[in-house]
Structures are given as C-alpha cells and as structure tokens.
Amino acid sequence: MLDATREGLAGPVKGSKNSETDEVRFAHRSEAEFAGILDFYGIDWEYEPRSFPLQWDETGRVIESFNPDFYLPEYDLFIELTTLKQSLVTKKNRKVRRLRELYPDVNIKIFYGRDFRHLLLKYGLRATTATR
Amino acid sequence: MTAAAQDILETLLTQEQIATRVAELGRDISREYAARNPLLISVLKGAVYFHTDLTRAIEIPLSIDFMAVTSYGSAPAKSGVVRLIKDLDIELTGRHVLLIEDIIDTGLTAGYLLRLLNARSPASLQICTLLDRPRRRILEALPIAYRGFEIPDRFVVGYGLDYRERYRHLPFIGVLKDSALQEADL
C-alpha cells in the first residue's frame, strides 16, 4: 500500500498504482487513460497526493491551492494534465508558475491537451478521449 | 505522388536531409565506439529503416539485434503491462549496447526498455534516436548520446513512423494532415 507519510508528501492519498485503477475516482476520463498508460509502462503513480497552498489571506488561511494530478515517486515528479480549452490552460499555467516560485524544489510538468491527444494518436486511440 | 504522400501536410525532413544526418551519426558512432564491437538494438517496427541505414553508415565491427513489445494501443484494454513479443537473440552481458530509437517524446517507452536492458548487465547502454521531441518529455533522465533531429510538436509519419500502420514506407518524414487523422478516427 501507498505510504502517505512518504517524504515530500502530505495530505490524503486518493489513489495510486497499487490501488486498482478502476477504484480511483478520477476527475476526468483523460486522467484515467493517463494512469493506464503509466501502468502499462510500469511507472508507479499516485493520484492527487498533495495540495500545495498558493495564496493566503491576512489571517494565514489558505485561499488558493493547487493539487497536481499525478505524482511519480520514482522520478520525484508531479504531472498536471491540461485541457484543450485555452482559458483553463492559462489558469493552470499561472498556478504552475506560482508553485515553482513558492516551491522551487518541486519538479512539475504540464502535459498539455494537444500533447496528450498526440500521445493517444500515436497509440492509435481515438483523439476524443484526450479532451476535457 | 503516392496515395500515402497525399495525406502529408508538409515535409519536415527530406530524404536527403535524413541521409546526410544518418551518415554523420554513423561517423560519430564509428569514432566513439571503435574497438568496442557495439551491439545496436532496435524495437520493431518504427526504428527499422533508421537502424538499417545507420548500421550501414558505421564503419567498425558491430552486431545488430531486434526486439518487439506490445504498444499501449495494441494491447487489450486494461491488460496491464508491456509484453515482450520478441526477445533479443544476442546475450547482452558485458556488451556495449546502443538502443536505436525512431523517436523519443515522453520517454515512457525508452524508460521501460532501459530498465529491461539494464537488468541484463551490459557494459554500457546509451540511446541513439533519429528524432527527439523534448516538449512532451515526462522521463528526463535518459542517456541520449546521439540524436538526429529535434522536432517540433507535430504529428509526424514516414521513414518508419506510422499512424495505424500506415505511412512507414515514405522515404521522408512529414506532418500528417488533420483530415487523415480524423478520417482514421471514424
């Protein structure tokens, strides 16, 4: 089972490769597909294992946070899948920039909708599964 | 123009550009692997054209071998993991191995192959890829010693690269028209 107290992780773990993928409640179909690809290539993953506070009010209460979609423990890497919708991409880009400013030791990559669509096309899968 | 070539939006790399670069890579490998009798491995089928052209451009003694693995899309749904369809014929222990790839983008396939090959104790293991698309890289720490071309984020086919088993035989590398992708999706 996943060790939620593993170094660098905090907060509740919602899913991992060691869980049955079907039992993880993904927010979107593209995330489930991505988890399937990671499983296929033997890459350990955890789904939204950590929330990074990005903004606080004057009382110190967190008013904005960011939960990257995946964490790959073997590579110490967070991955955020993005939509094909430009307004949401812009918002996520801003969050990732802020996360990098506040947590410079955290490795995170954005996997854009277009990249994911092409990845699925490479595998001969329908492009529609890549959109959200 | 062949029927397959009609589906190409634009040529990204001409036959001549590929040949020139492959010859350069062959010279580099000949120099750097001199007296090491390298074993050049590729995975069927995408890297076959590159592999055969590259090995003929190398002027030192070498060995070649091939392997085949299932790809994500070809495997039955939820089958779990990569399956080795054809294993290598040559023993890797103590050999200087070059993994020949057609393209590296996310690095997931290459990462899997490196784990598989490293477990067989080669003396060294490096990658030679014809195309590198770093924009989509997920796994960064790959020992890419030789790269032919860095390419932009376009869907490319030809010179071994396919879309649903089509276009591999094109002698150049081109960007596939969206209409060809959409057609195949129907």
Side-chain angles (χ1 to χ4, degrees), chain A residues 17-24 26 29-45 68-82 84 89 93 106-131, chain B residues 46 69-84 102-116 119 131 133-142 151-157 161-167 175-186:
Chain A
K17 178 176 179 280
N18 294 329
S19 307
E20 287 294 325
T21 301
D22 287 348
E23 292 176 6
V24 177
F26 293 102
R29 188 178 170 186
S30 61
E31 294 169 353
E33 188 78 67
F34 189 73
I37 292 170
L38 294 174
D39 279 347
F40 188 77
Y41 288 105
I43 311 279
D44 287 335
W45 55 268
D69 295 322
F70 289 91
Y71 177 65
L72 313 186
E74 194 180 343
Y75 300 93
D76 188 23
L77 174 69
F78 288 90
I79 293 176
E80 176 68 12
L81 300 183
T82 65
L84 291 173
V89 171
N93 280 339
V106 170
N107 297 316
I108 183 165
K109 278 182 177 292
I110 298 187
F111 209 63
Y112 291 95
R114 177 191 166 102
D115 300 337
F116 192 54
R117 176 177 179 268
H118 281 183
L119 180 64
L120 291 185
L121 286 171
K122 186 178 101 170
Y123 295 130
L125 300 174
R126 288 183 65 85
T128 49
T129 61
T131 61
Chain B
V69 297
T70 51
S71 72
Y72 179 69
S74 67
K78 297 173 185 171
S79 66
V81 296
V82 186
R83 196 161 48 84
L84 198 57
D102 50 350
I103 183 167
I104 295 184
D105 47 17
T106 62
L108 291 173
T109 309
Y112 166 79
L113 293 169
L114 289 170
R115 287 199 301 275
L116 183 77
L131 306 179
R133 188 159 43 201
R135 178 193 151 91
R136 294 188 207 166
R137 188 82 83 249
I138 294 173
L139 306 187
E140 293 283 359
L142 299 174
I151 62 165
D153 189 24
R154 314 287 295 277
F155 195 92
V156 294
V157 294
L161 291 119
D162 76 311
Y163 177 59
R164 295 190 169 180
E165 295 301 331
R166 297 176 65 193
Y167 311 108
V175 178
L176 196 59
K177 288 178 181 170
D178 276 348
S179 58
L181 292 170
Q182 287 160 6
E183 230 172 72
D185 269 349
L186 295 175

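Note that the coordinates shown come from a computational prediction; the quantities given were computed from them, not determined experimentally. First the proteins, then the strands, lettered A, B, ... as listed; each starts at 1.
Using a 4.5 Å cut-off between heavy atoms, A:Y75 contacts chain B through its side chain alone, with no backbone atom that close. For B:D162, no part sits under 4.5 Å from any heavy atom of chain A, backbone or side chain. Looking at A:L72, only its side chain comes within 4.5 Å of chain B, counting heavy atoms on both sides. Heavy atoms of B:R115 lying under 4.5 Å from chain A belong exclusively to its side chain. Only the side chain of B:E140 comes within contact range of chain A, with heavy atoms under 4.5 Å apart.
Annotation: side chain of B:T70 is in contact with side chain of A:F40 (closest heavy-atom distance under 4.5 Å). With a 4.5 Å cut-off on side-chain heavy atoms, B:L139 and A:I43 count as touching. Annotation: side chain of A:R117 is not in contact with side chain of B:F155 (no heavy-atom distance under 4.5 Å).
Residue A:Y41 forms a side chain to side chain contact (heavy atoms under 4.5 Å, CB included) with just one option from B:V82, B:L113, B:I138, and that option is B:V82.
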